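Read through the structure below, which is laid out as structure tokens, and then see the notes.
Just so it is clear, the model here is predicted, and its values are computed rather than measured.
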Amino acid sequence: MSHSDRPADARDYYRHAAARYHEHYASAGRAASAYPSNQLRLEWLLDRLDELAPRRVLDIGCGEGTPLTRMAALGAEVYGCDYTAEMVAAAKQTLAANGLDPAHLVLADLRHRATLQPLIDQGPFDAVVCFGVMPHLDDNRAALENLRACLAPGGRAFIEFRNKLFSLFTMNRLSHALIVDDLLAGVPESIRNAVAKDLEARLEMDRPAPREPESEDGVGFDAVLAKFDNPLEMDRLFAATGFAGIDLHWYHYHPAPPYLEGTAIEVDRYRAAALSLEGETSGWRGYFLCSAYVVEAET
């Protein structure tokens, strides 16, 4: 890979997104122009934390702090970290404005345990939340080991991943990559090349279109490392890093391949159908219809 082909640093996206990131959790999020996936994820998490009633919660990748204030409203003592100074500064303002202690926030990077040490020293925590972080990290195992160091015995982790299997449903260039590079790994190259050529004629290879930067100075989300992870591999990954049994919680459903939204299917009708699927209980449809999932795991 040449230098020009390497993904941009994800911090270059988030540091420019800090000023407006609260909009992901607006009270009118379900009616916002973008699908309210972050809000839906937060609503599910709050319901789950309300059931578990953890005393102390750590949010790794806390962003501008809105989720921390909602967790604190449940009665938890909240701590947080982010790896951009801009997000930490915004989160400190959010916590202070809500009567919470901004000193509970630090600048830290899940890839480097030394940066987490101030939080580890203040732990252990009954619950650790990590949303919007793992897609940007190369080494899942090392990150989970560092996260586990923050948890008390019997504590719960809530960790979000982008769903690699969803690409089977998107019928676009992501489907092409998953089939040729993952499903057919180890198949003779001549066969893989034939499949690749055939799929190029069938799939929407120019989609999805790259997303625009949050600001003139920033980079677009699709310019940074934002990988997908296979949910079928989570049991092995979490067991290898010392966690007990896991549960998968699906969100951001799609009622049709995304390229049909706004073309063959009106945007409002597409969104209404998507929202009606959130929380569906088949146990398996999320593997293919959801673009993201949360792993709940216990130490």
Which pairs, with at least one residue in [range] and sequence neighbours excluded, count as a salt bridge (charged side-chain N to carboxylate O under 4.0 Å, His left out)?
| range | result |
| --- | --- |
| residues 235-264 | none |
| residues 95-109 | Asp109-Arg111 |
| residues 145-162 | Arg41-Glu160, Arg141-Glu145, Arg156-Glu296, Arg156-Glu298 |
| residues 85-97 | Arg15-Glu86 |

ILVMFWY clustering at 4.5 Å (side-chain atoms), partners of Leu174 =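 Members besides Leu174, by chain and number: Phe228.
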With ILVMFWY side chains joined below 4.5 Å, transitively, what does Val267's cluster contain besides itself?
-> none
Say whether Tyr79 and Arg56, considering side chains only, have a donor N or O and an acceptor N or O under 3.5 Å apart.
-> yes
Using ring pair (Phe, Tyr, Trp, His ring centres under 6.0 Å) as the criterion, list what pairs up with His176, not counting sequence neighbours.
->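 None.
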Ring pair (Phe, Tyr, Trp, His ring centres under 6.0 Å) against Tyr253, all qualifying residues, sequence neighbours excluded | none
Main-chain N/O of [Y] paired with [X] side-chain donor or acceptor, under 3.5 Å:
| X | Y | value |
| --- | --- | --- |
| Asp82 | Gly63 | yes |
| Asn98 | Leu100 | no |
| Tyr270 | Ala256 | yes |
| Arg11 | Thr84 | no |

Which side chain to side chain donor-acceptor pair (under 3.5 Å) pairs, counting each pair once, include a residue from residues 61-73, with sequence neighbours left out?
-> Glu64-Thr66
Hey, is CG on Asp121 packed in by over 12 heavy atoms from elsewhere, all under 6.0 Å?
-> yes
Using the benzene-type ring in the case of Trp, are the ring centres of Tyr14 and His136 under 6.0 Å apart?
->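 Yes, ring centres under 6.0 Å apart.
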Side-chain donor-acceptor pairs of residues 181-190 under 3.5 Å, sequence neighbours excluded:
residue : atom : partner : partner atom : Å
Asp182  : OD2  : Lys164  : NZ           : 3.0

Would you say the side chain of Asn172 lies within less than 4.5 Å of the side chain of Met205, judging by non-hydrogen atoms?
->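 No; the side chains remain at least 4.5 Å from each other.
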Not counting sequence neighbours, which residues clear side chain to side chain donor-acceptor pair (under 3.5 Å) with Thr299? List them please.
->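 Counting only residues at least two positions away or on another chain, Thr299 forms no side chain to side chain donor-acceptor pair (under 3.5 Å).
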Set of residues satisfying side-chain contact (heavy atoms from CB on, under 4.5 Å) with respect to Ala91, sequence neighbours excluded | Cys62, Leu105
